K.L.:
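Questions regarding the structure given below will be posed in turn.
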Amino acid sequence: MKIRTPSTATGDRLILLAVVLLAAIWIAPIVWVVGLSFKPNEVLMRTTGGLVSPPFTLKNYTDILNSSAVFGWMLNSAIVAIGQMTLTLILASLTGYGFARTNFPGKRPLFLLTLVALAVPEQAIIVPLHTMFATLDLHNTYIALITPRLAFPFGVLLMTQYFRAISPEIEEAALLDNASRLRIFIFIVLPLSVPAQATLGIYTFLHAWNDYFWPLVSATRPEMYTLTVGLASMQTNFAQTEGLGFLMAQAVFAGLPVLVLYLFFQRHIVAAVAGAPTR
Amino acid sequence: MSGAILPAPSQRTATTGSGIGMSAWANMFFVLPYIIVVVALVIAPLFLGIWLSFQDYDMLGGWAGGVAFENYTNLFSDRIFLGTIRNTLLFVVMTTPAFVVVGLFLAITLNSHLRRHAVLRSVFFASSVLSVTVVTLVWRLVYLPNQGLLASVTNLLGLPGIDPVTSETWALPGVAVVTVWWIIGLPMTLFLAALQQIPKEIYEAAALDRASRWATLTSITLPSIRRTIVVVTLLEVILQFQLFGQALLITGGGPDNRSRPMVQFIYETGFRDLQVGFAAAASQVLFALMLVAAIVQFWVGRSRDER
Amino acid sequence: MKIQKVFAALLAGTAAFATPAAAQPKTEITFARFFGACEADYGNSQDVAHARGECGVMTTLVNLFNATNKDNILVKPQIIEWGPYYQQLNARLSAHDIPAVAVMHSAQLGDYVRYVEPLDDMLKEAGIDAADFTPNARNAVTVGGKIYAMPWDTHSWLWHFNVGLFKKAGLVDAQGQPIIPTTVDEMIAQSKQMKERTGKNYIDIATSTPGDFANSSRSFYSWLYDQGGTIFPSGYEKADFKSPEVLAAIRPFELLAKAGTITRGLDSGGGLSTFLNGEAAIYLSGTWRIDDFLAAQAKPDSPLHEGYTTRVFPSLFKTQTVWTDNHTWVLPKGGTNPAQHKAALVFIKFLWDHNADWARGGGHLPARQSLMAGYAKLPLRNFIVELTNYGKALPHEARRQFGFQSMIGEEIANVINTGKTAEQAADAMQERSVGLLRGR
């Protein structure tokens, strides 16, 4: 792979240039968000340009940190997001392995069920789901915040597809040694799926962390608010015009933990290129 | 939780000698927890929703009994609703190829653990951490007629102004650009994960053969991740069918209903106007469209697989 | 199983944090509202007199009540973003998770009337004198002859003027005040003169998102009522958008768009900054913006420094009316036990006694007639104080008022932004109204 002719080196540079240009376009609005978050709200009522010239302020951030409830909301979001991520990974991996590598009666119809579930739009079930949890008296609990998202058919599809691409010989050898299917799954197949796990993990976490409508209607006691609901509740009725800087600071504040998590996860997505022994 | 359930049956599997490819009831325990979750949390509410779609049910006004297919016949004579079907399909057609092509390009280009590639990957992921409210606020500033960033750029280049907020032609493409910008990180990451499965030796052999970049791409990389391309396409179609927040908050569905997606219609009739039965019917139409799209794609992907 | 135990333990932990061991049990009542939370600025402040903005006044009022009430009552605010407030309230009602006291726009009251307590007797019990309601406030909370809410304010629709631009365009009277147009023709002529002499747009209105659609529908309703028109000539189950009055209420937008003297495609931030930067002469917005513009006028570098004033949304037709809405307090049915019910009444009486603070700090017109004279002394309020006598809203019998507001606003936005005619907009409104009123 490292053997290069001069022409591919030029090609490499051109492609990198294209990506860097694209990245510049990509990052511009983000820089704007961060810039706005350090500007006083009164100034932003008149103009949203002039990011590099004073005045600057930290007030938008201190306003968030001075809210006594904000760390409780953050804890709730962390519990919900980590819970959802962990349980989804377990469910999706088990199921994906079951579909990709084992046979059992009714496999095809059950896989079809997954496909059907994939096509169910969230809007089609949110009202019945809310009624169900109300009947069970589960609103304002972590269970209600976490479980509705566990049925994540795409995760199953992704893992099924990923396990299918892993060479079956590895397993067959272990099977001859009379190892149980669960042992093979946990000790042999699972470690090979780290990139897919990391990808699925970061996205279930992100989705749970940014979720708004379900927590809004399910967690109605302020002590059960997630960060998104809590931060939104702090906004005045005219937040988009008179509290723009505050809104942007909230976005940075809420987004930063996920970005840090991504930096951690992405090593596990791409590291396999160099590290993992070839199969 | 599931760890406690599984060992015993699968031990039995091994001792009864069911090898790879052999069918056994015990293997069903791998998928059973998930099937239970799906039935309880998706299929059951889905059937409740289907039942609702045959009722005249107002969230505050109460239940006025069954109406057979009236909600559906009303839907298909509703010009606004028919417009949302057109918009939604157009949107899926605009965004899905963009997600697959751009996502694939980024993944292939940035598939290394060079530091600068890691930084670039983070840049393309970073926009995904923002909530839809903030994404749309910033892009409304970009799209602001005459004063926004887009207007300044087109003015500077002497191009005719593109005004997504007030133009029937540019509204939906405007929303599509925002959507691709917002969540390109997902397809990129999925493709990256898939690329890790391609054995390094294949590339090394190709390099020794002095295979061109294009040949390597078309004869090694793309075929190896073909299944992932199918899965990502499927995912993007499913996701983009459910377009909502970006359209609502940038164009409000306008101008002249040119960017209102089906989910916005469902939201407005169900949650704003409280016509739950009517909204449920619209949801079922969306579900049917998505199901058809999913099955067609799955079928196309499968048949190619078997060839 | 194990996970559930962990959850249970965590829940118990959270609950323990939330309810500090009190010496004697307090009567807790829940208080659902929007208006935001502003602990950073007001924390535990009880200085109601110096609080500014809706959020500041609400926060300090609750702080003050919790600290000083003699009945051992603790009000627990449950604050929600304004956008999805009613969706969340609907979900709470259907899940029987009902707040003791909740804020509600009077435009919504008709839809919720069977879910909230009738208050005639309770107001008496609480010591609130309903005779002191302004005519507008009384109308706003009365459904079928009964009172269902305690009114908290009236807010309405205004023209905010950049007086400097009006001077430059030669559209001021001898006192240097803007000349207010009295017919559609006068307005269009003014708008052209403004554009010619200053190069600026005459009308500045936000029209891009559902939140902005209210701007054009409020204007539409005001001009419709000015002609004595209605969209419900024959009962509330069928709307009529074919009347000449409806067309005449949309027409001004068509003419302004044709003349090129109205802003196109602005969102709320863009609309506001356009006016603050002196790029348009008249900003269509509500009573709640007056203090912001007075503050801007006070700054020497502001384009409004040359002059800012406001008037009730002017009639271009035979009589002066204007769109109004109100914040009110309701007691949802089933939200309280008897002790909490008493506490809720004590709390709304406390709010009633502080209505003047809300009007001053929040910028709205008070709901109490006895406070009007004092309110009129606040800057520029003399121009708008009369509107509580003639301001008008859709009757409570009209269903889906939110839907109508969005739909009408969206169609007028189409007139402004894409050049549809008034007739096309009216046809679309007619068609869409059928869908809105369908079903129970």
Side-chain angles (χ1 to χ4, degrees), chain A residues 1 3 8 11 15 19 23 26-27 29-30 32-33 48 90-91 94-95 97-98 102-104 110 115 117-121 123-125 127-129 148 150-151 154 157 161 165 168 171-172 175 178 180-182 195-196 199 203 210 251 255 258-259 262-263 266 269-274 278, chain B residues 6-7 10-11 13-14 19-20 22-25 27-28 30-31 33-35 37-38 41-42 45-46 48-49 109 113 120-121 123-127 129-131 134 138 141 189-190 192-193 196-197 199-201 203-204 207 213 227 231 235 238 242 263 266 276 283 286-287 290-291 294 298:
Chain A
M1 187 152 198
I3 306 166
T8 61
I15 290 175
V19 176
W26 236 261
I27 208 166
I30 300 171
W32 205 350
V33 169
T48 50
I90 292 172
L91 277 177
L94 277 173
T95 316
Y97 182 75
T102 72
N103 265 322
F104 49 87
L110 286 180
L115 214 60
L118 185 69
V120 175
Q123 306 292 326
I125 56 172
V127 169
L129 215 49
L150 292 185
F154 176 72
L157 206 66
Q161 184 277 131
E171 274 179 89
E172 273 157 11
L175 263 181
N178 244 353
S180 79
R181 287 313 281 265
L182 193 70
T199 305
Y203 276 97
N210 276 350
V258 193
L259 199 59
Y262 179 79
L263 295 179
Q266 75 157 338
I269 297 172
V270 183
V273 169
T278 47
Chain B
L6 272 163
S10 31
Q11 218 102 53
T13 318
I20 288 213
M22 289 185 72
S23 179
W25 281 98
N27 288 337
M28 202 190 273
F30 278 107
V31 303
Y34 164 77
I35 296 294
V37 169
V38 160
L41 296 169
V42 179
L46 176 69
L48 254 167
T109 317
H113 56 174
L120 285 168
R121 284 197 301 268
V123 167
F124 290 105
F125 173 81
S127 46
V129 308
L130 299 173
S131 70
V134 171
V138 171
L141 295 178
T189 315
L190 288 169
L192 274 168
Q196 312 314 313
Q197 283 191 309
K200 229 163 55 171
E201 298 90 334
Y203 283 120
E204 279 159 6
R213 179 192 305 280
R227 280 211 201 89
V231 167
L235 171 75
I238 297 291
Q242 299 182 67
V263 174
I266 295 167
V276 177
S283 309
L286 176 60
F287 169 55
M290 283 166 65
L291 193 61
F298 189 71

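Nothing here was measured: the structure is a model prediction, and the numbers come from that model. Every chain is numbered from 1 and lettered A, B, ... according to where its sequence line falls, protein lines coming before strand lines.
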K.L.:
If you apply the rule side-chain contact (heavy atoms from CB on, under 4.5 Å), what do you find for B/Arg121 with A/Val270, and how did you get there?
P.N.:
CA-CA 11 Å; B/Arg121 284 197 301 268; A/Val270 183; 3.6 Å; yes
K.L.:
B/Leu130 versus chain A, heavy atoms under 4.5 Å apart: side chain, backbone, both or neither?
P.N.:
both
K.L.:
Contact part of B/Leu141 toward chain A, heavy-atom cut-off under 4.5 Å: side chain, backbone, both or neither?
P.N.:
both
K.L.:
Would you name the heavy atoms of B/Val31 and A/Phe104 that are closest together and state the gap between them?
P.N.:
CG2-CZ, 3.7 Å
K.L.:
Heavy atoms only: give me the nearest A/Ala151-B/Val42 pair and the separation to one decimal.
P.N.:
CB-CG2, 3.5 Å
K.L.:
Can you give me the closest heavy-atom contact between A/Leu110 and B/Ile35, atom names plus distance?
P.N.:
CD2-CD1, 3.9 Å
K.L.:
Rounded to the nearest 0.5 Å, what separates atom CG in B/Leu41 from atom CD1 in A/Ile125?
P.N.:
8.0 Å
K.L.:
Quick one: CG on B/Leu192 to CD1 on A/Ile269, what's the gap to the nearest 0.5 Å?
P.N.:
7.0 Å
K.L.:
I need the minimum non-hydrogen distance between A/Pro121 and B/Phe287, along with the two atoms involved.
P.N.:
CD-CB, 3.7 Å
K.L.:
Can A/Tyr203 and B/Thr189 be said to form a side-chain contact (heavy atoms from CB on, under 4.5 Å), step by step?
P.N.:
CA-CA 10 Å; A/Tyr203 276 97; B/Thr189 315; 3.8 Å; yes
K.L.:
Shortest non-hydrogen contact from B/Ser127 to A/Ile30?
P.N.:
N-CD1, 3.7 Å
K.L.:
Please report the C-alpha distance between B/Phe30 and A/Leu182 in whole Å, then the side-chain angles of each, then the deciding distance to 0.1 Å, and finally whether the side-chain contact (heavy atoms from CB on, under 4.5 Å) criterion is met.
P.N.:
CA-CA 9 Å; B/Phe30 278 107; A/Leu182 193 70; 3.9 Å; yes
K.L.:
Could you work out, with side-chain hydrogen bond (donor to acceptor under 3.5 Å, both in side chains) as the rule, every residue matching B/Gln242, not counting sequence neighbours?
P.N.:
none
K.L.:
Could you give the distance from CG (B/Leu46) to CG (A/Leu129), rounded to the nearest 0.5 Å?
P.N.:
11.5 Å
K.L.:
What part of A/Trp26 gets within 4.5 angstrom of chain B, counting heavy atoms only: side chain, backbone, both, or neither?
P.N.:
both
K.L.:
When heavy-atom pairs shorter than 4.5 Å are enumerated against chain A, which of B/Ala126, B/Ala294, B/Pro45, B/Ser283 gives the highest number?
P.N.:
B/Pro45
K.L.:
Which heavy atom of B/Tyr34 sits nearest a heavy atom of A/Leu91, and at what distance?
P.N.:
N-CD2, 3.7 Å
K.L.:
Distance check, rounded to the nearest 0.5 Å: A/Leu118 atom CG versus B/Leu235 atom CG?
P.N.:
7.5 Å
K.L.:
Considering only heavy atoms, which portion of A/Leu259 lies under 4.5 Å from any heavy atom of chain B: side chain, backbone, both, or neither?
P.N.:
both
K.L.:
Partners of A/Ile15 by side chain to side chain contact (heavy atoms under 4.5 Å, CB included), sequence neighbours excluded?
P.N.:
A/Val19, B/Phe105, B/Thr109, B/Arg213
K.L.:
Do B/Asn27 side-chain atoms and A/Gly98 backbone N/O form a donor-acceptor pair below 3.5 Å?
P.N.:
no
K.L.:
Just verifying a value: how many Å separate A/Leu115 CG and B/Ile238 CD1, rounded to the nearest 0.5 Å?
P.N.:
7.5 Å
K.L.:
Only pairs of heavy atoms separated by less than 4.5 Å count here; which of A/Ala196, A/Pro29, A/Ala251, A/Gly255 has the most with chain B?
P.N.:
A/Pro29
